[in-house]
K.L.:
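Take a look at this one; I'll ask things after.
Quick note on labels: first sequence line is chain A, next is B, and so on, each numbered from 1.
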4 protein chains.
Amino acid sequence: MCPRSAEQVEQLKDERRSALLRAARVVFSRKGFAAAKIADVAAGAGISHGLVYHYFPDKEALFAATVSLAVEGWQSLLSQVLEEPGTPLDRLTSLCGKMIAGLGDEPEYLLLIIQAHTGEGVPESLRALLQQHRRKVFEDLTTLIVEGQRAGLIVREIPDALARALLALIQGMAINRLIDAGETPPPLVVVTRLLKV
Amino acid sequence: MCPRSAEQVEQLKDERRSALLRAARVVFSRKGFAAAKIADVAAGAGISHGLVYHYFPDKEALFAATVSLAVEGWQSLLSQVLEEPGTPLDRLTSLCGKMIAGLGDEPEYLLLIIQAHTGEGVPESLRALLQQHRRKVFEDLTTLIVEGQRAGLIVREIPDALARALLALIQGMAINRLIDAGETPPPLVVVTRLLKV
Amino acid sequence: MCPRSAEQVEQLKDERRSALLRAARVVFSRKGFAAAKIADVAAGAGISHGLVYHYFPDKEALFAATVSLAVEGWQSLLSQVLEEPGTPLDRLTSLCGKMIAGLGDEPEYLLLIIQAHTGEGVPESLRALLQQHRRKVFEDLTTLIVEGQRAGLIVREIPDALARALLALIQGMAINRLIDAGETPPPLVVVTRLLKV
Amino acid sequence: MCPRSAEQVEQLKDERRSALLRAARVVFSRKGFAAAKIADVAAGAGISHGLVYHYFPDKEALFAATVSLAVEGWQSLLSQVLEEPGTPLDRLTSLCGKMIAGLGDEPEYLLLIIQAHTGEGVPESLRALLQQHRRKVFEDLTTLIVEGQRAGLIVREIPDALARALLALIQGMAINRLIDAGETPPPLVVVTRLLKV
DNA sequence: TATGAATGAGCATTCATTCAT
DNA sequence: CATGAATGAATGCTCATTCAT
């Protein structure tokens, strides 16, 4: 009845929703959409499987929300880096550093996106979101690379090819992180060798 | 009954086994172990789903055989390249070229290995095989890299880190190939920038 | 705490109980016991689904109460008509008229009784109540019919058969009312043709 | 391999399909769509629940097929009677007789149609089929009644009202048959009293 | 051998019921 | 008392696996 309680209830709901999404990120990224069990996600979030359906209408919606969150995380990371000071190469280096650091905390982001791309039963709307996201990332990367090339800081290869290689490298690192959690990723200086003149 | 017939039968069996494994490679790599349906694989090989069980005892065995084949392909590619003439950098370049070319024909190999690593229901023996494979690949790569560094052809970063980065790049390219079949992979010269001094 | 409040509370409870039973009548008669959702009934009564359990111990009890009410309505209609003045045929005609009129307001009574008869999960006690009710209705009807026959007002067919036919006709009309709400039931004069000499 | 075997297999499939539809008719008519369990139908047909899905894609399709069959049975009965010789009253009497006799063997037909009309989760196409069926039955009955009235054999009430009453009576009898299997339905002569002058 | 009918374990989803607030 | 979050049993449906033909 009192506002405090209502707020707390609301907050609890949000927390649980977040916990669900966190658990979903782990489960979906490791197993893919089809193999992931709602019961696993629920267990990961510490709730009963039935309760999942109070927060998301079905497995597909939970997956879509999880992937959307990952995409948003990427987008915000990207736009944040784009506004940093320094040369284009500095910014690309910062981006790679942040992505690599992110792999430590949340190695699932990239995996999720991969699963969503390749998996079955992924709704078309989600696939469209991902395509759009992919295009945006490439555009931003390519823009930075071209700027860096003009400044003479980045090697004069086809910018698109460089962007593709950079992303492939980061994604590959995410996968290796998942395959072997103990392994340390290659240091940043190795990654940026792809770009430097 | 007559030997000829028996041979033909034997040959037919082998052909079918191969067809099955080919279909399985495609289906498993795209959907993962759990989401792949035996019926899909059978349809891909042009036989009834019941007949699959004349060639493999169960789904797990079919998956294990498929992954083993992929691993063997890698191993043979690797050992073949190691015996090539030329500098260590030449050989590494050749390896990368072959792997990239392979992505065009059979982009599934790497994906399969990833699936096998992360999936559920993968038998321990298969996981062990993969670990061993992984270790061998790293060893060989590292050896080549060290040789190249001694020859002053390869940059003096931690060899293990370079090997890791190279593999991550190739794997990432395989994934992007799967996500967007139309996309052309980055050219070899971009890939080898990771290594060159 | 004060008596006034207690009374009001009591009254509120009664009103809510009635609202629940009214909503339950509609929902149960249209969907049957199994398909009816407690949440639907609660929504129909304008309360939360949890509150239903303050008024009825479980779904079965709510159903039983709903059916009992329908039975009581029938019984009271019947006993009221039996005490009316006029010939037995007059009273039967009056009964049919009231029943037909009732279909307009509350077409669910008969349906409910049918649902209770055929449904699963209906407690034995309820089924017994219905059997007894059925027997009583037949007895009363048959008595009236026999009287009417003695008075030469009702056709000399087996009284039990006439009673059965009359009830079947009324029930069938209730069903058609439910199937097609726009349809007008056959006029009373057609119904009583079953009986008249 | 031999044609005999193939035929037998085909025949077995048809038989099982029929057995399924027979079981479905019983289960659906007694419980309605929502409360009927696929497992019950399967058990009634003597097969496992999984096999049901080799014959019908889902519960809804099984229900639709069951109802369609019932509708077809009605339609064929009706058209058969319409071509019989004799006066319109003779034909109506024959129709009622056949319907009453049918209640003995397959009391579910009418109930099914009722369930399909009132139930939840019934696809719109099925509902349309039923509406159309209903309209056709009314038309045919009304035509017969009008003819009979012209011949002076049937009472001069509103033909539509007579048709409605006749159908309601038959439906009510079907329900009572279901409620109390032991009970004998009213004799034909009582039913036709509705019509005769 | 080859087929596909048959079985049943497993998972997504729903909903009656409970209970903390 | 009133709410709706939480639980878990039940049910539709899928699919790996078996086996009669």
K.L.:
Send over the distance from A:Leu62 CG to E:dC11 P, rounded to a whole Å.
P.N.:
17 Å

K.L.:
Could you check how far NZ of C:Lys59 sits from C1' of F:dA9, rounded to whole Å?
P.N.:
14 Å

K.L.:
So what does D:Ala42 touch, heavy atoms closer than 4.0 Å: a base, only the sugar-phosphate, or nothing?
P.N.:
nothing

K.L.:
Just to be sure I understand the geometry, which residues of residues 45-54 of chain C put a non-hydrogen atom under 4.0 Å away from DNA chain E?
P.N.:
C:His49, C:Tyr53

K.L.:
Given atom NZ of B:Lys37 and atom C1' of F:dC13, what is their separation to the nearest angstrom?
P.N.:
12 Å

K.L.:
Any chance you could lay out the side chain to side chain contact (heavy atoms under 4.5 Å, CB included) test for A:Phe28 and A:Leu62, step after step, and finish with the verdict?
P.N.:
CA-CA 10 Å; A:Phe28 279 131; A:Leu62 176 58; 3.9 Å; yes

K.L.:
Just how far, in rounded Å, is C1' of F:dA5 from CZ of A:Phe56?
P.N.:
15 Å

K.L.:
Can you check the C:Phe63 CZ to E:dA16 C1' distance for me, whole Å?
P.N.:
16 Å

K.L.:
Could you please name the partner base of E:dT21, counting Watson-Crick and G-U wobble pairs only when both distances are under 3.5 Å?
P.N.:
F:dA2

K.L.:
Calculate, to the nearest 0.5 Å, the distance between atoms CG and CD belonging to A:Leu20 and A:Glu15 respectively.
P.N.:
12.5 Å

K.L.:
Between B:Leu21 and B:Phe56, does the side chain to side chain contact (heavy atoms under 4.5 Å, CB included) criterion hold? Intermediate values first, please.
P.N.:
CA-CA 10 Å; B:Leu21 286 168; B:Phe56 297 94; 3.8 Å; yes

K.L.:
To the nearest angstrom, how far is B:Phe33 atom CZ from E:dG10 atom C1'?
P.N.:
14 Å

K.L.:
Closer than 3.5 angstrom, by distance alone: can the side chain of B:Lys59 be matched with the main-chain N or O of B:Ala36 as a donor-acceptor pair?
P.N.:
yes

K.L.:
Would you say that B:Ile38 contacts B:Tyr53 through its side chain, given a criterion of any heavy-atom pair below 4.5 Å between the two side chains?
P.N.:
yes

K.L.:
Could you pick out which residue, D:Ile38 or B:Asp58, lies toward the 5' side of DNA chain F when each is mapped onto its nearest nucleotide?
P.N.:
D:Ile38

K.L.:
Could you give the NZ-to-C1' distance, from D:Lys13 to E:dT3, as a whole number of Å?
P.N.:
12 Å

K.L.:
Can you find a heavy atom in the side chain of D:Val41 that is under 4.5 Å from one in the side chain of D:His49?
P.N.:
no

K.L.:
For the pair C:Phe33 and C:Phe63, name the ring-plane relationship: parallel under 30°, tilted 30 to 60°, perpendicular over 60°.
P.N.:
tilted

K.L.:
Which part of the nucleic acid, if any, lies within reach of A:Tyr55 when heavy atoms closer than 4.0 Å are counted: base, sugar-phosphate only, or nothing?
P.N.:
sugar-phosphate

K.L.:
Could you state the CD-P distance from C:Glu15 to F:dC1, rounded to the nearest angstrom?
P.N.:
15 Å

